[in-house]
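All values derive from a computational prediction rather than experimental measurement. What's counted below: heavy atoms across the whole structure, side chains too, no hydrogens, waters or symmetry copies.
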Amino acid sequence: MFRGRYKAILVDADSYLLHLVRYIHRNPLRAGLTDKLDRYVWSSHKGYISRAKKWDWLGKEFVLSMFSEGKTEGIRIYRHFVAMEDSEEITKVFEKKRWPSALGTEDFVNSIRERFFLPKADDEVCQSKELAPDSDQIKKAVCQSYRINEAELMVSRRGVFNEPRNVAIYLMRWVRGDSLNQIARQFQIGKYSSVSNVIERMKTLLAKDRKLRVRVENLSSQLI
């Protein structure tokens, strides 16, 4: 409640929901607020293990049904599951300052990206930028397209046009919406104004050079 502003995380029920429920219900143990979860009153855990009608308001049926179709058996397995240690992967995720928008397998997260990510952040999908491909994915896609290694993206020589490097910089801005400073750090560029110059030059070239435009459009489609 006091950690920060509310954030909803889309969870892959098949692989992560139960681990997340356990993580939440074991929070009082980690915080040293109790040594026995069944006695801790400020938690929905008591509702999960109770068959009393006063807990009918609590939407627990779906979670318990993932353990067993029978209610009694579901509660028994749930109690055993919560008594186990938390998943190391889930713990690492929630120990970070910045939480993900979607939590699940790589296939699950990619499916969400395909459905909701837009080239530019959409006001109707407030976290669409977080669903964008990360900077490493952009670099990898550019390297594969131009058949080079990532070290060559860092090469900058005065008067020499490094097309893969400039394309990667342009995509960081257009696909991810990264700031000029963020891009400058990614490519070891001293001044953010230099990044701006690269992007403006790319815009001019894309308007003139059809082959370059097709390459960039194909990369964008692949990433998005």
Roughly how far, to the nearest 0.5 Å, is the [atom2] atom of [Y] from the [atom1] atom of [X]?
X	Y	atom1	atom2	answer
K46	L37	NZ	CG	11.5 Å
Q186	S135	CD	OG	3.5 Å
M202	I199	CE	CD1	10.0 Å
I183	S196	CD1	OG	9.5 Å

Verify side-chain contact (heavy atoms from CB on, under 4.5 Å) between I9 and L20, making sure each step is shown before the conclusion. CA-CA 11 Å; I9 301 174; L20 186 56; 6.0 Å; no
Is there side-chain contact between [X] and [Y], with heavy atoms separated by less than 4.5 Å?
X	Y	value
E95	T91	yes
F108	L103	no
R210	R213	yes
L153	P164	yes
L219	Y170	no
R173	D178	no
K208	T204	yes

Applying side-chain hydrogen bond (donor to acceptor under 3.5 Å, both in side chains), can you list everything that pairs with [X], at least two apart in sequence or on another chain?
X	value
S43	none
R76	E73
D38	H45, R79

With distance as the sole test, does [X] use its side chain to make a donor-acceptor pair with the main-chain N or O of [Y] at under 3.5 Å?
X	Y	answer
S220	V216	yes
R26	V82	yes
S179	Q182	yes
R22	D86	no
N162	V155	yes
S145	V142	no

Which heavy atom in [X] sits nearest to a heavy atom in [Y], and how many Å separate them?
X	Y	result
G104	D12	CA-CB, 3.7 Å
G74	S68	N-CB, 3.7 Å
I138	A168	CG2-O, 4.1 Å
K36	L29	N-CD2, 4.2 Å
S50	I75	O-CD1, 4.5 Å

Take atom NZ in K71; do more than 12 heavy atoms of anything else shown fall under 6.0 Å from it? yes
Verify the neighbour count for atom CZ of R30: are there more than 12 heavy atoms of other residues, nucleotides or ligands below 6.0 Å? yes
Contact list for residues 51-64, test side chain to side chain donor-acceptor pair (under 3.5 Å), sequence neighbours left out: R51-T72
Which label fits Y16 and H19: parallel for a plane angle under 30°, tilted from 30 to 60°, or perpendicular past 60°? perpendicular
Using a strict threshold of under 4.0 Å (side-chain N to carboxylate O), is an ion pair present between K211 and D209? no
One thing to verify: whether K203 and E200 come together as a salt bridge, which I'm taking to mean a side-chain N less than 4.0 angstrom from a carboxylate O. yes
Residues that F67 engages under ring-ring contact (aromatic ring centres under 6.0 Å, His included), provided they are two or more places apart: F81
Following the transitive rule for hydrophobic clusters with a side-chain heavy-atom cut-off under 4.5 Å over Ile, Leu, Val, Met, Phe, Trp and Tyr, establish whether [X] and [Y] coincide in one cluster.
X	Y	result
L58	L17	yes
M154	L171	yes
W42	I49	no
V214	V175	no

Those residues at least two apart in sequence (or on a different chain) that pass side chain to side chain contact (heavy atoms under 4.5 Å, CB included) with L205 are F161, R201, L212
Residue of the set Y48, Y40, Y78 for which side-chain hydrogen bond (donor to acceptor under 3.5 Å, both in side chains) holds with H25: Y78
Option among R165, E163, E152 that satisfies the side-chain hydrogen bond (donor to acceptor under 3.5 Å, both in side chains) test with Y146: E163
